[in-house]
Amino acid sequence: MIKLRSKRFCRSSSKLSGGSGNGNKIKGGEKGCCGGISEIKWELRPGGMLVQKRDTGESVGEGMITVRVSSTVSKWHDISIEATSTFGELKMILSLVTGLEPGEQRLLFKGKEREDGEYLHMVGVRDKDKVLLLEDPATKERKQYGLAGDQSIGAPFHTISV
């Protein structure tokens, strides 16, 4: 049986500069335990995993990103949205801009259609990435023939009398 030593974590929120101190330093230039190491910050990812938060300002899943949504070759929209948003939330914003209802939209990123529940940052959408917006073919066909959403196209066959 092996006995493991427990580690001590500090709750201090102040950081000391690397140049000052009394020689009680560790690798990062910060003072030893409880003398100045900053508090460890945690974040909960959408999948439920608890991970240590990164110190850089460009942490995955943090802040606002700008996504370029292209509906045709010449039409595109720059949408600012939080990186932790879902494709369904992006569709809601696009419905205000394009006039297409969220159910009539299909969003493609990296060649794959994305579901409404998928998170932007989990799929890999970063700042200034491009997303393709397509109109649902069934909705396009109904609009073309002037049918409402709940009307049927018609009888499957017609009787011809001779």
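- Although no hydrogens or angles enter the test, the distance criterion places a donor-acceptor pair under 3.5 Å between the side chain of Asp127 and the main chain of Thr66.
- To the nearest 0.5 Å, atoms CE (Met92) and CD (Glu101) are separated by 8.5 Å.
- Cluster annotation: Phe87 is connected to Val97 through the hydrophobic network of ILVMFWY side chains, with a link wherever side-chain heavy atoms come within less than 4.5 Å.
- Note: Ile81 CD1 to Thr86 OG1 = 7.0 Å, rounded to the nearest 0.5 Å.
- By the criterion of side-chain heavy atoms lying less than 4.5 angstrom apart, applied directly or through intervening Ile, Leu, Val, Met, Phe, Trp or Tyr residues, Ile79 is grouped together with Val131 in one hydrophobic cluster.
- Leu120 and Leu132 fall into different hydrophobic clusters, where Ile, Leu, Val, Met, Phe, Trp and Tyr are joined by side-chain heavy atoms under 4.5 Å apart, directly or via other members.
- Gln105 contributes a side-chain N or O that, together with a main-chain N or O of Leu100, makes up a donor-acceptor pair within less than 3.5 Å.
- Surrounding CD of Glu115 are at most 12 heavy atoms belonging to other residues, nucleotides or ligands under 6.0 Å away.
- Residues passing the side-chain hydrogen bond (donor to acceptor under 3.5 Å, both in side chains) test with Glu113 are Arg106, sequence neighbours excluded.
- Taken from CD in Glu89 to CG in Leu94, the straight-line distance is 12.0 Å, to the nearest 0.5 Å.
- The nearest pair of heavy atoms linking Phe109 to Arg114 is O-NH2, 3.3 Å.
- The NZ atom of Lys91 sits 11.0 Å away from atom CD of Glu104, with the distance rounded to the nearest 0.5 Å.
- Sorted by first and then second residue, the side chain to side chain donor-acceptor pair (under 3.5 Å) pairs involving residues 74-83 (not counting sequence neighbours) are Arg68-Asp78.
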